[in-house]
Amino acid sequence: AAGDRDRGGRQPAQAAAARNDCELAEPNHLGRSTMTMPAELYACLYVRELPAQALLRLRPELQDKPCVVMEGEPPLQQVCSLTRKARILGMAHGMTLVEVDTFAAVAVLPRSYKEEAAAKAALLECSSAFSPRVEDKCAHGALVCITDIPGTGRLFGSPDLMAGNFLTRVRALGIPA
């Protein structure tokens with residue numbers, strides 16, 4: 001019967017066999033360009049020890065000294081953040097003020113949530129200059145800023161060039177990255 005045939009003139013059993021073989025139809029673009037998905041590309045900024053970085057960015061005289069940031073009420077203050085030079089001296093998170101005082105020439109600073117928030121806002125603003133799609137993750141005293149950058153090549157050049165410009169802007173904020 002003619003009504004039992006598919007569009008290709010095949011019997012139902014032949015049409016089912018063709019479907020099982022996963023035959024794909026030929027593309028018919030009709031003058032349209034094919035869709036391509038841009039590659040996922042992200043610029044990530046990692047700021048280790050954000051409490052210390054936030055305090056030191058506005059205190060250039062302390063940049064070359066070992067520094068620790070203390071959190072808590074006396075006498076229960078503990079180190080919550082420290083610089084690389086303090087870590088090289090043997091200092092660590094969780095040390096008390098009495099333990100910190102055994103080290104010579106260490107700058108002790110109180111934690112400032114206000115300065116951390118200002119530094120974080122400045123870093124996020126810097127990231128949003130390259131893309132409106134920015135996400136931040138803060139954990140354990142560190143800030144990770146993830147910037148979605150596909151399609152920004154026409155504005156900022158290659159990803160390597162954009163990363164260099166991004167790093168220059170972050171350093172201009174006083175954050176060594």
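Basis for what follows: all heavy atoms, side chains included, without hydrogens, waters or symmetry-related copies. On a predicted model such as this, the values are computed, not experimentally measured, just so you know.
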Indicate, with yes or no, if V69 and V100 share a hydrophobic cluster defined by side-chain heavy-atom contacts under 4.5 Å among Ile, Leu, Val, Met, Phe, Trp and Tyr. no
Option passing side-chain contact (heavy atoms from CB on, under 4.5 Å) with Q77 (candidates L97, V108, T96): L97
Please round to the nearest 0.5 Å and tell me the distance separating atom CD of E71 and atom OG of S81. 10.0 Å
Nearest heavy-atom pair of M70 and C80: which atoms, and what distance? C-SG, 4.5 Å
Contact check, side chains of S127 and F166, non-hydrogen atoms, under 4.5 Å: yes
Kindly indicate whether the side chain of D64, heavy atoms from C-beta on, has any atom under 4.5 Å from the side chain of K85. yes
In terms of hydrophobic clusters joined by side-chain contacts under 4.5 Å, are L124 and V170 together? no
Tell me which one of E116, E49, E73 satisfies salt bridge (charged side-chain N to carboxylate O under 4.0 Å, His left out) with R111. E116
Other residues, nucleotides and ligands only: do more than 12 of their heavy atoms fall within 6.0 Å of CZ on R59? yes
Check: D148 main-chain N/O paired with S131 side-chain donor or acceptor under 3.5 Å: yes
Does some side-chain heavy atom of L62 sit less than 4.5 Å from a side-chain heavy atom of K65? yes
Under 4.5 Å between side-chain heavy atoms, hopping through other hydrophobics if needed: is there a path connecting M162 to L45? yes
If you compare all heavy atoms of F103 against all heavy atoms of L89, which two are closest, and at what distance to 0.1 Å? CE2-O, 3.3 Å
